[in-house]
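Read through the structure below, which is laid out as structure tokens, and then see the notes.
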Amino acid sequence: MNDFSTRDIVKKYGFKFTKSLGQNFLIDDSVLIDIVEGAEVGKEDFIIEIGPGVGTLTRELLKRAKRVCAIELDSDLLPILQEELKEFDNFEIVHKDALKVDFKELIGEETSVKVVANLPYYVTTPIIAKLLNEGYNFKSLTIMIQKEVGERIAAKPNTSDYGALSILVQYYCDTKVIRRVSPSSFIPQPKVDSIVVKLDKLQQPRVNVKDEKFYFKVCREAFNMRRKTLWNATKNLGVDSELMKQAFEMADIDPKRRGETLSLQEFGNLANSIYDLAHK
Ligand code: SAM
């Protein structure tokens with residue numbers, strides 16, 4: 001499928017991998033196909049790719065999308081991308097740390113926006129948190145991540161993987177596993193197994209909450225001390241204990257339970273009860 005292979009491009013330019021930038025480039029065509037097909041990239045889509053590397057996935061996106069904007073931090077990759085993808089007039093590169101990009105500015109007037117990326121693993125969670133928390137109008141995020149992070153994203157209550165990341169992603173998105181990917185699909189090979197997931201943004205968040213920031217704060221506190229009861233874990237919220245007692249009653253949640261047993265909705269009920277009582 002690829003007109004040029006990743007290995008050939010790396011060799012042609014004598015590119016040296018930087019481990020600290022999470023540079024594991026895809027060499028498996030079947031994975032590329034599954035990512036672009038899984039992302040359902042079409043002619044109306046504006047695609048944001050984080051970390052294009054030497055442009056292997058970018059090329060497939062460019063063939064199918066209206067426009068592709070790739071955000072790359074490594075300056076050594078810019079001339080390679082410019083040369084290898086010069087036949088495309090629907091391509092632009094932003095030379096920046098993805099964690100510092102103003103996505104609102106990047107998106108502009110575009111209405112069909114999809115993120116597609118083989119993410120640098122050292123910043124997976126902060127990137128997902130930024131993309132979801134800052135309220136951009138993405139339709140979906142189709143991303144390659146470490147398998148364990150994928151398991152945390154999809155985890156249900158009462159499991160060891162269930163935590164603040166599960167709540168954050170499930171609050172905003174439906175999640176779907178596209179496929180698993182073994183280390184042999186990359187050069188150099190990562191030490192971990194990977195997974196491609198599609199996060200479809202919901203029209204409305206899954207839970208109706210009074211104050212999103214406060215909701216996530218309650219969840220974080222509950223998981224920061226996951227071995228403790230909710231009663232003890234929520235002490236760090238700094239809310240009066242009489243008010244907390246009432247809030248647990250109002251939300252119909254036993255304060256002796258642990259945070260990891262609560263569904264997203266139950267966390268919502270608790271956070272909303274505290275909020276209502278505190279704003280009476
Ligand atoms: N998309 C390519 C592929 O699939 O072969 C490369 C993926 S590689 C896992 C991650 C890419 O992200 C590298 O090109 C790396 O230089 C880039 N990168 C690392 N940290 C970044 C950051 N903070 N912002 C933007 N790009 C970053």
Side-chain angles (χ1 to χ4, degrees), residues 1-13 15-39 41 47-65 68-85 88 91-103 105-106 114-131 134 141-147 149-150 178-197:
M1 176 182 72
N2 271 305
D3 310 337
F4 308 94
S5 83
T6 302
R7 272 204 187 87
D8 290 345
I9 301 173
V10 165
K11 202 167 152 204
K12 178 172 159 192
Y13 293 91
F15 176 75
K16 299 271 176 287
F17 291 91
T18 307
K19 208 175 161 197
S20 62
L21 285 178
Q23 291 179 338
N24 303 99
F25 294 171
L26 262 173
I27 51 167
D28 184 336
D29 281 359
S30 80
V31 179
L32 290 180
I33 296 171
D34 288 347
I35 295 176
V36 289
E37 287 185 354
V41 178
I47 304 295
I48 299 178
E49 186 190 6
I50 296 168
V54 292
T56 324
L57 174 59
T58 323
R59 171 174 291 277
E60 295 311 315
L61 294 169
L62 282 162
K63 287 185 201 163
R64 293 168 172 79
V68 177
C69 175
I71 304 166
E72 177 57 61
L73 183 58
D74 185 349
S75 50
D76 288 350
L77 288 168
L78 304 191
I80 302 177
L81 287 162
Q82 264 145 8
E83 178 59 25
E84 292 298 322
L85 300 173
F88 296 97
F91 178 49
E92 67 186 288
I93 308 175
V94 171
H95 178 211
K96 258 194 179 158
D97 178 344
L99 287 173
K100 298 195 178 131
V101 168
D102 178 348
F103 284 91
E105 195 181 302
L106 207 71
K114 294 176 181 167
V115 174
V116 184
N118 170 14
L119 286 178
Y121 291 174
Y122 76 106
V123 279
T124 306
T125 312
I127 287 183
I128 294 174
K130 178 179 167 71
L131 294 177
E134 295 182 7
L141 281 70
T142 304
I143 47 179
M144 172 116 68
I145 54 182
Q146 305 93 303
K147 191 169 134 273
V149 179
I178 304 285
R179 64 168 286 168
R180 290 165 191 277
V181 183
S182 72
S184 61
S185 296
F186 304 88
I187 50 163
Q189 293 194 13
K191 291 201 172 66
V192 293
D193 283 330
S194 304
I195 199 164
V196 181
V197 290

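Computed from a prediction, not measured in an experiment: that's the story for all the values here. Quick note: residue numbers are just sequence positions, from 1. Each ligand, and each atom within it, is numbered from 1 in the order the structure gives.
- I47 pairs with exactly one of V68, V115, T142 by the side chain to side chain contact (heavy atoms under 4.5 Å, CB included) rule, that one being V68.
- Annotation: L26 places an N or O atom under 3.5 Å from an N or O atom of ligand 1; distance criterion only.
- Contacts between L119 and ligand 1 below 4.0 angstrom, taking non-hydrogen atoms only, involve the backbone exclusively.
- Contacts between M144 and ligand 1, counted as non-hydrogen atom pairs separated by less than 4.0 Å, are absent for every part of the residue.
- Nearest-heavy-atom check against atom 11 (C) of ligand 1 across G51, S20, P126 picks out G51.
- Comparing P190, P120, G22 by heavy-atom distance to atom 9 (C) of ligand 1, the nearest is G22.
- The proximity of P52 to ligand 1, defined as any non-hydrogen pair under 4.0 Å, is limited to the backbone.
- Atoms of ligand 1 found under 4.0 Å from any heavy atom of A98, numbered from 1 in the order shown, are 22 (C), 23 (N), 24 (N), 25 (C).
- Considering backbone and side-chain atoms together, G53 places an N or O closer than 3.5 Å to an N or O of ligand 1.
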Checking V31 against I35 for the side-chain contact (heavy atoms from CB on, under 4.5 Å) test, could you report, in this order, the C-alpha distance in whole Å, the side-chain angles of both residues, the deciding distance, and whether it holds?
CA-CA 6 Å; V31 179; I35 295 176; 4.0 Å; yes
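- Atoms of ligand 1 lying under 4.0 Å from any heavy atom of N24, numbered from 1 in the order shown and given with element: 7 (C), 8 (S), 9 (C).
- Among all protein heavy atoms, the one lying closest to atom 3 (C) of ligand 1 is N118 ND2, 3.5 Å.
- No N or O atom of D74 sits closer than 3.5 Å to an N or O atom of ligand 1.
- Considering backbone and side-chain N/O of T56, none are found under 3.5 Å from N/O of ligand 1.
- For a threshold of 3.5 Å applied to N or O pairs, the pair formed by Y122 and ligand 1 contains at least one separation below that value.
- For the residues K100, E49, K96, the heavy atom positioned nearest atom 25 (C) of ligand 1 is part of K96.
- Classified by interplanar angle (parallel below 30°, tilted 30° to 60°, perpendicular above 60°), the ring pair F186/Y121 is perpendicular.
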